[in-house]
Structure formats: structure tokens, C-alpha cells
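Just below is one structure, and these are the notes that go with it.
In this text, all values refer to a predicted model and were calculated from it rather than measured experimentally. In what follows, chains are A, B, ... by sequence order, proteins preceding strands, each numbered from 1.
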Protein chains: 2
Amino acid sequence: MPPPASPPPPPVPTSADVARLAGVSRATVSYVLNNAEAVRISEPTRRKVRAAAEELGYVPHAAARSLRAGRTRIVLLPTSHVPIGPLYSTFLNELQWALRRLDYTVVQYGSLGLSGDEAARAVSAHNVATLKRAGARAVIAMGPVGVPGAHALVMNQEEVGARAAAHLIARGRRRIGVVVPEEDGLELFSGPRLAGARQAAGAAAGPAVGIEALPMAYSEESAAALAARWRGLGLDAVFAYNDEYAMLLMRALQDEGLRVPEDVAVIGADDLLIGRLLRPRLSTVQIELPTGDHLASLVDRAVREPSEVTQRHDLMTAAAVHREST
Amino acid sequence: MPPPASPPPPPVPTSADVARLAGVSRATVSYVLNNAEAVRISEPTRRKVRAAAEELGYVPHAAARSLRAGRTRIVLLPTSHVPIGPLYSTFLNELQWALRRLDYTVVQYGSLGLSGDEAARAVSAHNVATLKRAGARAVIAMGPVGVPGAHALVMNQEEVGARAAAHLIARGRRRIGVVVPEEDGLELFSGPRLAGARQAAGAAAGPAVGIEALPMAYSEESAAALAARWRGLGLDAVFAYNDEYAMLLMRALQDEGLRVPEDVAVIGADDLLIGRLLRPRLSTVQIELPTGDHLASLVDRAVREPSEVTQRHDLMTAAAVHREST
DNA sequence: TTGAAAGCGGTACCAG
DNA sequence: CTGGTACCGCTTTCAA
């Protein structure tokens with residue numbers, strides 16, 4: 001009599017178990033379950049195998065399968081450790097579902113928007129190699145520049161800043177503040193947006209246009225502090241990074257007695273619903289992103305044709321939309 | 001001279017390559033690189049092995065490793081295909097990072113908040129088995145009830161609805177509308193919140209309290225349509241699902257000429273920053289969630305002690321906070 | 001049409 | 001202290 005077994009772990013069926021139950025070999029099981037084209041299996045055999053698999057609740061062991069195959073259906077997607085706003089998180093989420101619909105396993109890997117130069121280094125070529133080596137089929141990077149070996153979804157954030165500044169300039173503003181979020185991990189977005197605004201200012205005809213970076217955190221206190229010293233700044237307009245920061249700042253400015261847009265024009269970005277709910281209605285920079293489905297199929301295609309070449313997908317077009325705050 | 005090789009795939013080094021270069025066996029490589037305690041390796045050998053690994057840029061093959069080990073460090077986290085609001089997505093994101101800091105690989109698996117009964121079935125016991133079988137170390141579920149075999153993060157959404165309704169009732173309101181988002185995938189949250197409100201109404205002392213479900217989509221049109229028929233509804237208060245829906249509805253109500261809170265009291269939930277920016281300031285139900293770190297360590301502990309028992313972690317406490325809209 | 005067997009890359013026994 | 005070796009579970013030639 002064997003020793004009183006402690007709760008034996010529920011036996012996980014392998015393909016061998018299925019084969020035994022179906023009275024065939026493991027090879028046959030594999031063929032049937034993978035619908036192998038290269039080999040004809042009789043219908044009765046297929047039935048038996050399928051029935052056995054069903055009965056045992058057999059599920060192929062993912063690790064073993066990919067060890068043998070030499071590749072996985074894993075796609076690495078970047079994540080930020082900090083909220084990046086509804087627009088991009090929705091987009092990323094959509095992409096993720098689209099990829100999954102294509103039967104990929106999506107693994108989050110972290111480094112979207114590390115501070116400053118780290119951002120670039122984080123998704124460096126070496127990292128990419130490491131990640132692919134570990135079994136990933138594709139690595140997706142999001143950033144201002146392409147990354148060798150990965151699918152780079154490059155988002156031209158500069159254009160956002162440029163459109164905002166151009167809009168402000170066209171409406172006669174010359175002293176423009178640009179909100180730069182203090183939150184770590186947003187530099188990936190805020191840096192280029194600021195740079196784009198500077199470019200637009202430099203390219204403007206007529207009198208010189210001044211651009212001033214305005215650090216601000218996403219909190220009432222920070223917005224209030226900025227608003228308190230506003231009059232001393234001598235600014236006649238502000239590009240508030242995005243609609244959420246814009247809402248925050250606009251409220252603080254109004255509480256400070258400033259009139260929008262008379263005393264100061266405010267423009268946001270991302271065209272969120274809240275912008276239309278504010279009074280005055282918030283002008284914004286609308287961003288056009290491709291659908292997750294579209295992007296996913298692009299990735300899928302590129303994965304099937306392993307062209308070891310860096311794939312670079314340009315995303316985003318931006319356009320200012322005028323409402324009441326500018 | 002060899003034929004002009006087409007771009008030969010960069011040879012991925014295996015532990016055998018490292019062994020060869022270091023002049024030792026694969027076993028030794030494994031011992032050194034895993035800091036095996038059970039066996040003493042001389043310091044010179046260790047050096048050689050490490051140097052060789054470094055030089056080749058060796059990275060252990062994840063699939064092979066987990067095939068051998070019989071387990072992975074993968075944790076499955078649910079995702080919704082629909083935005084679930086800043087509060088929960090931030091929370092999930094935090095948890096994800098915390099898990100990663102603990103060296104887990106986080107894989108998103110999809111089904112948070114499928115419609116109706118599907119929600120429950122999606123994370124059924126069978127699914128859980130399948131997922132674990134495929135190599136996952138832990139499966140996390142979020143929902144109103146525990147799920148056998150998974151770590152269930154159960155969030156008591158009913159309490160949110162109950163607190164909101166109780167707050168409204170305490171302030172003398174008797175005819176309460178409850179916004180139910182029309183977006184698919186939010187039932188997981190909205191259903192319990194509505195049910196909680198009903199319970200609170202049932203438990204209220206004094207004259208009967210009426211609860212009316214108010215379907216509404218997250219769009220200006222839908223909010224405007226609801227506001228347009230508001231006077232016919234005979235409601236004196238509304239629990240607007242969360243602060244975002246509340247902002248939307250409040251705006252529409254005000255545009256319709258209704259006064260808040262005189263004609264209708266409005267309360268949201270989740271205590272988002274925007275609520276404090278609105279005028280009148282939005283009353284809300286504040287939700288206390290544990291930190292991602294805390295939860296991650298809970299999960300980690302449970303994983304180490306494979307107690308095959310369903311783990312159930314109760315989350316959330318809710319409290320109404322009164323501001324100006326009620 | 002089916003089965004036997006050789007690995008994929010790593011880990012962990014057991015000898016030496 | 002180190003090397004040989006038997007697996008983990010699956011896919012896929014190659015023969016029968």
C-alpha cells in the first residue's frame with residue numbers, strides 16, 4: 001500500500017495521454033490537432049483523437065510547443081508606468097485586442113516613456129534582440145524615432161505642438177506658454193510637443209514669437225500655483241499639453257480672475273470629450289490614429305514575412321480644431 | 001569560398017555555445033548562471049563561464065527553461081475591451097508594474113466585463129485550468145464573485161451604489177435615477193452599482209424611495225437626449241455611475257435649464273480630479289483600493305505556497321464625499 | 001495512413 | 001568540484 005498520498009496534483013493530460021486513449025501514436029495526435037496539411041489522416045482516426053482530447057481536456061503545452069517550433073506567437077507591447085491619457089491608452093488597448101484576435105499573445109513590457117535618454121536606450125537594439133531571443137515574434141515600440149529590429153510605431157508628437165502653436169499664432173498670439181507635465185514618463189510626449197511648438201514659432205512670419213515652457217503637475221495645487229504667478233509671466237496664450245491639463249489650468253486661471261480667451265487663449269490636445277463640456281469650449285488639436293485592427297494586420301503581415309528589416313509605421317495626423325477658448 | 005550566404009540569421013547562442021567557449025559542460029554553465037546553491041563551483045570556473053556568457057550575449061531560452069521547470073513566471077491579468085475608467089485602469093497598471101518588479105511576466109488575457117452572463121463564464125473554472133495548464137502561475141480575476149482556482153480580486157461594487165444612494169437619501173431625495181452606461185463591457189461594474197442602490201433604497205427608513213435605471217451612452221448626444229426628457233421623469237436626484245458620466249450629464253442638465261443641486265442632486269463615483277474642477281463641485285463616492293505593490297506581494301506569496309485553494313482578496317472600501325452638487 | 005525516434009534548450013540527478 | 005545524461009512535451013522527418 002502506497003503511503004497516504006497528499007492531495008495528488010490533478011494530472012495534466014499530455015499528448016501521450018490523448019494518444020493512449022485514442023489508441024494511436026503521439027504523432028497522429030499532433031497531426032490531427034494541428035490540422036496538418038502535409039499528411040492525410042483518416043476521418044475515423046481524426047474523430048477518435050478529437051474525442052479523446054476533448055474528454056481529457058487536453059491543452060497543448062505552450063512552452064513545449066514553442067521550444068520545438070523555435071518561435072512563439074508572442075508580441076511585446078510597451079507600457080508606461082504612468083497614465084498616458086485616455087487617447088493613447090485606448091489606442092494601445094485596441095491594438096492589443098486586435099492582436100489577440102489574430103491569435104497572438106500580448107505581453108506587456110515596460111519602458112514606454114522612461115525619463116529622457118533612457119527612453120531611447122530602453123528599447124535599444126540589444127534589448128530587442130534579447131526580447132526576440134526569449135521567444136517574442138515581434139516587439140512594438142512607440143516613440144519619436146524608429147528602433148532597429150522592432151516594429152516602431154512612430155508617433156509624430158512634434159506635429160501636435162506645431163499645430164497648436166500655429167493655431168495660436170494665426171489668432172494673433174505672440175507670447176505662448178507650453179505646459180510640460182512634471183510627471184515622470186510623459187517626456188516622450190511632452191518633449192516633442194514642446195519642440196514642435198518652438199519650430200512653429202521659429203517659422204512664423206511677422207514679429208518674433210516667444211515660447212515658454214511651463215512645468216506643471218496634474219494636481220489642483222500645481223495648477224493654482226502656476227495661475228497665481230500668471231500675470232507676471234506676460235503670456236497671452238497657452239498650449240496646455242492635452243485636454244486634461246488644459247481643463248485643470250483653465251479652471252485655475254478662471255479662479256484667478258483671468259478671462260479665457262480674452263486675457264489668455266487656451267488650447268489643449270487629444271480632442272477628448274471633456275473639452276466640449278467646458279465653458280468656454282476648449283480648442284484642441286485633434287489626433288487621428290489608425291485603428292488597432294489596421295495596425296495589428298500590419299504587424300501580422302510583417303511577422304509572417306520575417307524581413308529582419310526594421311519596420312517603421314508612421315502614425316498620426318494632427319489638426320487644430322477651433323472652439324471657444326482661443 | 002562559401003556561396004554568397006543570404007543574410008544568415010544571427011546565430012542565437014545556447015548554453016552549449018557558452019559551455020564550449022568556456023571549456024566546461026552545459027551542466028556547469030547552468031549551475032553558475034543560476035547560482036545553484038546545492039553545488040560548489042570554483043571561482044575561476046565561474047569567472048570563465050560568466051565571461052563567456054557575457055561575450056556571446058547569452059540569454060536563456062525562456063520556453064526551454066519553463067518546459068523543464070514545469071512552470072512559468074507568467075501571471076494572467078484580465079483586460080477589458082472597453083475603457084473602464086481612469087481609476088481601474090490605473091490600478092490595473094500599477095498592479096502590473098508591481099508584479100513585474102517581482103519578476104513576473106504579465107500577460108493580458110481578455111474578458112474583463114463581457115456582456116452579462118458571459119462575464120462569469122469567461123473566467124470559468126475550465127478556463128482557469130486551461131490557462132494554468134498552458135503555463136501560467138497565477139490567474140487573476142476581477143469581479144463581483146470569487147472564481148475557483150484563480151486569485152479573485154473581488155471588488156464590491158454594490159457598496160459603491162449603496163453609498164451613493166444612501167447619501168442622496170440622507171439629503172432628503174426620494175426619486176433617484178441611476179445612470180447605467182450603454183457601453184458593452186461595463187455591466188460588470190454598473191450592474192452591481194445599480195443593485196447596491198436598490199438595496200440602499202429598500203433599507204431606507206421613512207417614505208418609499210424609488211430607483212430608476214437610466215441607460216445612457218458616453219456621448220454628448222445621449223446625455224442631451226436624457227436631459228431633454230428629464231422633467232418628465234420626476235426625479236430629484238441622480239447617481240451618475242462615475243464622475244465622467246456625471247460631468248457629462250450635469251452639463252446636459254444645466255444646458256436644459258435645470259439647477260444643480262436645487263432641482264436635481266448629482267453624485268458621481270471614483271473621486272476623479274475632474275469632479276473637483278466642475279461647478280458646482282461634484283459630490284462623489286470615493287473608492288479606496290489597495291496599492292498594486294500590496295496586491296502583488298499577496299499574489300506572490302500565494303504563488304509560492306501552491307495551496308490550490310481559491311484565493312479571494314477583498315478589495316475596496318467606499319465612502320461618499322459631499323461637495324456641492326448634492 | 002500511421003508509428004518510431006530524433007531533437008528543440010535547459011536543469012538536475014548521479015557518477016566520477 | 002565537474003561531466004555525462006535523462007528527461008520536460010511537442011513537432012516532424014523518415015520508414016514501414
Considering non-hydrogen atoms only, spot the tightest contact between [X] and [Y] and give its length.
X        : Y       : answer
A:Val82  : B:Asn93 : N-ND2, 4.1 Å
A:Asp293 : A:Ala98 : OD1-CB, 3.5 Å
B:Leu67  : A:Ala64 : CD1-CB, 3.6 Å

How many Å lie between [atom1] on [X] and [atom2] on [N], as a whole number?
X       : N      : atom1 : atom2 : result
A:Arg47 : C:dT2  : CZ    : C1'   : 19 Å
B:Leu67 : D:dA6  : CG    : P     : 17 Å
A:Arg40 : C:dG3  : CZ    : C1'   : 19 Å
B:Leu33 : C:dA12 : CG    : P     : 13 Å
A:Arg20 : C:dG3  : CZ    : P     : 14 Å
B:Leu56 : C:dG9  : CG    : C1'   : 15 Å

Taking only the side-chain nitrogens and oxygens of [X], find out if one of them lies under 4.0 Å from OP1 or OP2 of [N].
X       : N      : value
A:Thr14 : D:dC8  : no
B:Asn34 : C:dG10 : no
B:Thr28 : D:dG3  : yes
B:Thr45 : D:dT2  : yes
A:Ser15 : D:dC10 : yes

Can you tell which of [options] lies closest to the side chain of [X]?
X       : options              : answer
B:Ala27 : C:dG9, C:dG3, D:dG3  : D:dG3
A:Ser42 : C:dT11, C:dG3, C:dT1 : C:dT1
B:Arg26 : C:dG3, D:dC8, D:dA6  : D:dA6
A:His61 : C:dG9, D:dT11, D:dG9 : D:dG9

Does the C:dG10 base have a donor-acceptor partner in the side chain of B:Arg65 within less than 3.5 Å?
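Donor-acceptor pair under 3.5 Å: no.
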Are the charged groups of B:Glu43 and B:Arg47 less than 4.0 angstrom apart, N to O?
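A salt bridge is present here (some side-chain N lies under 4.0 Å from a carboxylate O).
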Just checking B:Val39: base, sugar-phosphate only, or nothing, at a heavy-atom cut-off of under 4.0 Å?
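The answer is base, as B:Val39 lies within the cut-off (heavy atoms under 4.0 Å) of a base atom.
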Given DNA chain C, 5'-ward residue of the pair B:Arg68 and B:Tyr31, judged by closest heavy atom:
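Result of the comparison: B:Arg68.
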Nearest-0.5 Å distance that lies between atom CZ in A:Arg100 and atom OG1 in B:Thr79:
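Reported value, rounded in 0.5 Å steps: 4.0 Å.
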